[in-house]
K.L.:
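I'd like to ask some things about the structure below.
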2 protein chains.
Amino acid sequence: MFSKACEYGIRASIFIAEQSLIDRKVSLKDVAEAIDSPAAYTSKILQKLSRNNIINSDKGPTGGFSMGKKELEKVKLGSIVFAIDGESIYNGCGLGLKKCNEKMPCPVHNQFKMIRDQLKKMLETTTVLSLAVDYEKGFSFLKR
Amino acid sequence: MFSKACEYGIRASIFIAEQSLIDRKVSLKDVAEAIDSPAAYTSKILQKLSRNNIINSDKGPTGGFSMGKKELEKVKLGSIVFAIDGESIYNGCGLGLKKCNEKMPCPVHNQFKMIRDQLKKMLETTTVLSLAVDYEKGFSFLKR
DNA sequence: CAAATAGTGGACAATTTTATCCAATATAAA
DNA sequence: TTTATATTGGATAAAATTGTCCACTATTTG
């Protein structure tokens, strides 16, 4: 469904959000350990999230990754997916056709539209904050 | 959502089904042209579908690919997806966790479950035959 | 200012997926 | 039985994704 990079990105964001809730910056190493991901690769993904203003990154000692209160309230799952995987989830044809639309639909156009619309709605309404709160309470997990 | 191989597989199946409706066997070349896919790669995919009894393949002159009446009525989209992409669509965790279930859910487990269940239902109820009929009527397209 | 720390950016490597080529096999028809 | 045709299977190759390494920059602290 999503690329591995995107999966890491979502997991990392939730961890960073949860730590930001208790006013903690986290290092790349912290993130990689928390979500059980390859550190160097995760670094690339965090850079992308940072450039997209989804997370903050600070250099130097006492540096690290974090999310501000505003970001915490604003950032939805969809923003992360879009930043990493682009709009393919929204626009792409289920059968890989370049031009697939109402006028010239692929054979499963309508069937997929239903599901895609649900997914879209879910991504656009689910906040990282809400996921971070659940995670903080021990209701969900980020590795294994 | 699906691998490219799976997209080709679905498109190929629909074309073969539609031609079988008018009692025509089609060659690899026919298929590749009809769905605008690389022939040699498509060949590998058709082999897989054939081994999974989703389509028939006959060698030699007058050979080619086809679907029998029974297959036409029986084969669902899900069979094709399963034959090519395996069960990842059904079982895989949305965030890539190995062990993600009700007891130890990833942070988006429930949100994804909703959508995955819908997708599953759609794949298990949509017959290739119905898609082939629409395609035959010119209601849908397999290339571009 | 020097030293230590933490993210950045670029090059590179491994793996997976997608795609190609060709000899071998099977089969129908002449 | 020979020939032509069409799929099969194996070996490779190309492309995309995933993953690693390291020197560089920015920044805090002593």
Side-chain angles (χ1 to χ4, degrees), chain A residues 1-13 15-16 19 24-67 81 83-86 88-89 92 95-96, chain B residues 1-13 15-16 19 24-67 81 83-86 88-89 92 95-96:
Chain A
M1 181 153 278
F2 301 136
S3 68
K4 217 142 190 42
C6 191
E7 292 175 356
Y8 291 149
I10 294 172
R11 281 153 62 194
S13 298
F15 175 67
I16 293 168
Q19 292 288 296
R24 279 195 196 143
K25 275 185 192 171
V26 292
S27 70
L28 172 61
K29 201 177 155 227
D30 293 336
V31 174
E33 276 168 8
I35 72 172
D36 190 32
S37 69
Y41 191 50
T42 304
S43 159
K44 304 299 181 191
I45 297 161
L46 295 183
Q47 281 176 42
K48 209 171 253 184
L49 293 178
S50 169
R51 280 191 222 103
N52 280 270
N53 301 310
I54 288 167
I55 61 176
N56 304 115
S57 78
D58 300 296
K59 284 184 171 184
T62 79
F65 300 94
S66 61
M67 288 180 76
V81 174
I84 299 176
D85 280 353
S88 65
I89 279 280
L95 298 188
Chain B
M1 181 154 279
F2 301 136
S3 68
K4 217 144 189 39
C6 192
E7 291 174 356
Y8 291 149
I10 295 172
R11 281 153 62 194
S13 298
F15 175 66
I16 293 168
Q19 291 289 293
R24 280 195 195 143
K25 276 185 191 171
V26 291
S27 71
L28 172 61
K29 200 176 156 228
D30 292 337
V31 174
E33 276 169 7
I35 72 173
D36 191 31
S37 68
Y41 190 51
T42 304
S43 160
K44 304 298 184 192
I45 297 161
L46 294 183
Q47 283 177 42
K48 209 172 254 185
L49 294 178
S50 169
R51 282 190 222 104
N52 279 271
N53 301 311
I54 289 167
I55 61 175
N56 304 114
S57 78
D58 299 295
K59 284 183 169 183
T62 77
F65 301 93
S66 61
M67 288 180 77
V81 174
I84 298 177
D85 279 353
S88 66
I89 279 281
L95 297 187

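Heavy atoms only: backbone and side chains are in, while hydrogens, waters and symmetry mates are out. Chain naming here is simple, since letters A, B, ... match the order of the sequence lines and numbering starts at 1 in each.
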K.L.:
Which of the following nucleotides, C/dT20, D/dT5, C/dA26, is nearest to the side chain of B/Ala40?
P.N.:
C/dT20
K.L.:
Could you state the CG-P distance from B/Leu28 to C/dC21, rounded to the nearest angstrom?
P.N.:
13 Å
K.L.:
Do B/Tyr8 and B/Lys4 have side-chain heavy atoms sitting under 4.5 Å apart?
P.N.:
yes
K.L.:
Using a heavy-atom cut-off of 4.0 Å across all strands, would you classify B/Ser43 as base, sugar-phosphate, or nothing?
P.N.:
base
K.L.:
Between A/Cys6 and B/Gln47, just flag the one whose closest nucleotide in DNA chain D comes earlier from the 5' side.
P.N.:
B/Gln47
K.L.:
Does A/Ser27 have any side-chain contact (heavy atoms from CB on, under 4.5 Å) partners at least two apart in sequence or in another chain, and if so, which?
P.N.:
A/Lys29, A/Asp30
K.L.:
With distance as the sole test, does A/Ser13 use its side chain to make a donor-acceptor pair with the main-chain N or O of A/Gly9 at under 3.5 Å?
P.N.:
yes
K.L.:
I need the CD1-C1' distance between A/Ile45 and C/dG7, as an integer number of Å.
P.N.:
15 Å
K.L.:
Distance check needed: D/dT3 P versus B/Lys59 NZ, whole Å only.
P.N.:
20 Å
K.L.:
In whole angstrom, what separates B/Lys25's NZ from C/dA28's P?
P.N.:
8 Å
K.L.:
Send over the distance from B/Glu33 CD to D/dA6 P, rounded to a whole Å.
P.N.:
13 Å
K.L.:
Picking from C/dG7, D/dT28, D/dT20, which would you name as closest to the side chain of A/Lys44?
P.N.:
D/dT20
K.L.:
If you compare every side-chain N and O of B/Tyr8 against the phosphate oxygens of C/dA19 (OP1, OP2), does one of them come in below 4.0 Å?
P.N.:
yes
K.L.:
For A/Val26, answer base if it contacts any base atom (sugar-phosphate contacts may also be present), sugar-phosphate if it contacts only those atoms, and nothing otherwise; contact means non-hydrogen atoms under 4.0 Å.
P.N.:
sugar-phosphate
K.L.:
Could you state the CD1-P distance from A/Ile55 to C/dT8, rounded to the nearest angstrom?
P.N.:
8 Å
K.L.:
State which of D/dT7, D/dT20, C/dG7 makes the closest approach to the side chain of A/Phe65.
P.N.:
C/dG7
K.L.:
Do you know which two heavy atoms are closest between B/Asp85 and B/Ser88, and how far apart they sit?
P.N.:
O-OG, 3.5 Å
K.L.:
Picking from D/dT7, C/dA19, D/dT5, which would you name as closest to the side chain of B/Ser57?
P.N.:
D/dT7
K.L.:
Counting only side-chain heavy atoms from C-beta out, which of C/dA28, C/dA19, C/dT8 sits nearest to B/Tyr41?
P.N.:
C/dA19
K.L.:
Heavy atoms, side chains only, cut-off 4.5 Å: are A/Leu46 and A/Ile16 in contact?
P.N.:
yes
K.L.:
Write down the distance between CG (B/Leu46) and P (D/dT8), rounded to a whole number of angstrom.
P.N.:
8 Å
K.L.:
How long is the line joining NZ of B/Lys48 and C1' of C/dT17, in whole Å?
P.N.:
11 Å
K.L.:
Where each residue is assigned the nucleotide of DNA chain D containing its nearest heavy atom, which of B/Arg51 and A/Ser3 is assigned the position nearer the 5′ end?
P.N.:
B/Arg51
